[in-house]
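See structure below.
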Amino acid sequence: MVDVDSPLGRVGVAVDELAAHLPMPGTQTRCPLCSTMTWPCASFLDAARHLHDGGVPVGLLVPLDLHPVLWPPTASAPAPVTAVGGSTTSTPPAVHPAPVRESWAG
C-alpha cells in the first residue's frame with residue numbers, strides 16, 4: 001500500500017496510465033487502448049508529462065525497444081574536433097533523462 005500523498009502516490013495513476021498505453025511487442029506504432037491513434041498517443045504523452053514533472057524518469061518505465069520511437073537517434077554523429085597538436089576528439093551525444101516532446105512543454 002502506498003500513501004497517496006507520498007512521491008510515488010502522487011504519480012501512481014500516471015504510472016498505471018503510461019503502462020496501459022504502451023504498445024504490445026512488435027506493434028510499436030499502435031496504442032492498445034486508443035485503437036485509432038498512433039503511438040505515442042495523447043494519453044501516454046499526458047501520463048509521461050505528469051511523471052516527468054513529478055521527477056520520475058519516463059525511460060525507466062518504457063521498454064528499451066520503444067526508446068528510439070520516443071527519442072529518435074540524431075541524424076549524424078558530431079564531427080570530430082581537431083585539438084592543438086593534431087589529435088582528434090569527438091563530443092559525446094547528449095543524453096536526455098526523459099522524452100523530449102514539444103507537447104510536454106506545458
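The residues of the chain are indexed from 1 along the displayed sequence.
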Trace of the side chain to side chain contact (heavy atoms under 4.5 Å, CB included) decision for Asp53 with Arg49 | CA-CA 6 Å; Asp53 292 347; Arg49 183 183 320 110; 3.7 Å; yes

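The line from CG of Leu22 to CG of Leu33 is 10.0 Å long, rounded to the nearest 0.5 Å.
Between Ala14 and Ala47, the shortest heavy-atom distance links the atoms O-CB, 3.5 Å. Looking at every heavy atom in both residues, His50 comes nearest to Arg10 through NE2-O, 3.0 Å.
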Tabulate below the donor-acceptor pairs under 3.5 Å that side-chain atoms of residues 57-70 make, not counting sequence neighbours, or state none.
unit_1	atom_1	unit_2	atom_2	d
Asp65	OD2	Gln28	NE2	3.4
His67	NE2	Gly59	O	3.1
His67	NE2	Val62	O	3.0

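Partners of Asp5 under the side-chain contact (heavy atoms from CB on, under 4.5 Å) rule, at least two apart in sequence or in another chain, are Asp3. Taking the side-chain contact (heavy atoms from CB on, under 4.5 Å) definition, one finds that Thr29 meets it with nothing, sequence neighbours left out. Partners of His21 under the side chain to side chain donor-acceptor pair (under 3.5 Å) rule, at least two apart in sequence or in another chain, are Glu17.
Residues Val15 and Val56 fall within the same hydrophobic cluster, defined by Ile, Leu, Val, Met, Phe, Trp and Tyr side chains chained together at heavy-atom separations under 4.5 Å.
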